[in-house]
Amino acid sequence: MALIVQKFGGTSVGSVERIKNVARRVAKWKAAGHDLVVVPSAMSGETNRLIALAKEVQPHCDPRELDVVASTGEQVTIGLLAMALMELGLKAKSYTGWQVRVLTDSAFTKSRIISIEDEHIKSDLKAGYVVVVAGFQGVDAKGNITTLGRGGSDTSAVALATALRADECQIYTDVDGVYTTDPRLVPEARRLRTVTFEEMLELAGAGSKVLQIRSVEFAGKYKVPTRVLSSLTDPALPVAEEGQAGTLITFEEDPHMAMEKAVISGVAFQRDEAKITVKDVPDRPGVAYAILGPIADAHIDVDVIVQNVGHDGMTDMTFTVHRNDYTKAMKILKEQVQPHLKFRELSGDERIAKVSIVGMGMRSHAGIAAQMFRTLAEEGINIQMISTSEIKITVVIEEKYTELAVRVLHKAFELDQA
Ligand code: ASP
Ligand code: MG
């Protein structure tokens, strides 16, 4: 008998019929002798609808009140799911975040979980209940309702699994696992049976949107075995089979598996990027800070950063930001940075994309970068910027080549072959 936390995404609970299917799936695991804590998101589209309502009333929503509104979607699904479970003859009980007491900080709309009280849940499990807990929401020390950021119910589930020392956290979603790349772009993309949490973090950071990145950080920090799998399969699929489905996020690399494992696990991409170049700034200490400090103060995330080798006491700096932040970043540079730094020129490009290859295997293989650059060169794709980590190589290219780049890299690293 195991303790399993199962999370169901918005699509999986998107209608009454689907909620009933989730209940069947949960009942099947319960019948196999397991203890279940179930974490649903709001019905698909519901959180968007709630946020839009709030904005209609108050365009710049008060964050505390926005969380009061946005968190209600999950209160609906926990109640409905508990009822659906009862209709199948199970004992079930739902809890909102504040009823459990999922304690968070007070950063409304993007709170972080501090601790979870588990007394209610544990005693209910002991009494044979399936416990249904609202994802995405918590409460701060003063009793204010908080939410964990969009997609936050993944993090709720992993955090609950950590607090309860669950044997596994199963994230049911509308895809059947983590893929070598987006199958909509590359039909040959394959599902990975396992992926290390480090790879998962890099893939998520590089644009693969299977799990909220914070949930992956959580799973990695606390080593919660986490499995991503489909909620769209037949709910009657035997537990033994379903328990092996999808993609398992792993921690320590088993040396046998490492040998079998491909050098590269996936190709990720992000289209909505923009590039900014500040030309001819004095090449002296503090310049990077003078440029990027005000950008960071405005809560703009900067990603790839390149500084040219200095020439005649001058240098250039180029960095990428999300396209939504482009105008704001340019304005800050013109109005706040230029008066002090007196750079000669500011230029930008809103039509760029980032393409990354990710894999634990590249740590022990030379020549991976060369192979990546050759593959792109053969297609005439110009690389504008490069950045690397231990297990990731990212290039910035013209946006129109995104699809081509992803396809040729996927093939070059034989990701289409099992
Ligand atoms: N319902 C929330 C959202 O749409 C949380 C989640 O789905 O994970 O962002
Ligand atoms: Mg979601």
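Below, each value reflects all heavy atoms present in this structure, side chains not excepted, and no hydrogens, waters or symmetry copies. First listed ligand is number 1; within each ligand, the first listed atom is number 1.
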With heavy atoms under 4.0 Å as the rule, classify the contact between Gln212 and ligand 1 as side chain, backbone, both or neither. neither
Show the atoms of ligand 1 that are less than 4.0 angstrom away from any heavy atom in [X].
X	answer
Arg150	3 (C), 4 (O), 9 (O)
Gly151	3 (C), 5 (C), 6 (C), 8 (O), 9 (O)
Ser41	6 (C), 7 (O), 8 (O)
Thr47	1 (N), 2 (C), 3 (C), 4 (O)

Nearest-0.5 Å distance that lies between atom CD in Glu399 and atom NZ in Lys275: 13.0 Å
Taking NZ, NE, NH1 and NH2 as the nitrogens, is one of them in Arg25 or Glu242 under 4.0 Å from a carboxylate oxygen of the other? yes
Can you find an N/O atom of [X] closer than 3.5 Å to an N/O atom of ligand 1?
X	result
Glu74	yes
Lys7	no
Phe136	no

Whether Asp118 side chain and Ile121 backbone form a donor-acceptor pair below 3.5 Å: no
Can you check whether Lys392's main-chain N or O pairs, donor with acceptor, with Glu202's side chain at less than 3.5 Å? no
So, Thr104 versus Thr146: side-chain donor-acceptor pair below 3.5 Å or not? yes
Could you check whether any heavy atom of [X] sits closer than 4.0 Å to an atom of ligand 1, since that is the contact criterion I want to use?
X	answer
Gly135	no
Glu46	no
Gly73	no

Once side chain to side chain contact (heavy atoms under 4.5 Å, CB included) is applied, do any residues pair with Ser106, and if so which ones, sequence neighbours excluded? Asp140
Can you list everything that forms a side chain to side chain contact (heavy atoms under 4.5 Å, CB included) with Ser387? Sequence neighbours excluded, please. Val304, Thr394
Identified side-chain contact (heavy atoms from CB on, under 4.5 Å) partner of Gln170 from the options Leu248, Leu36, Leu229: Leu229
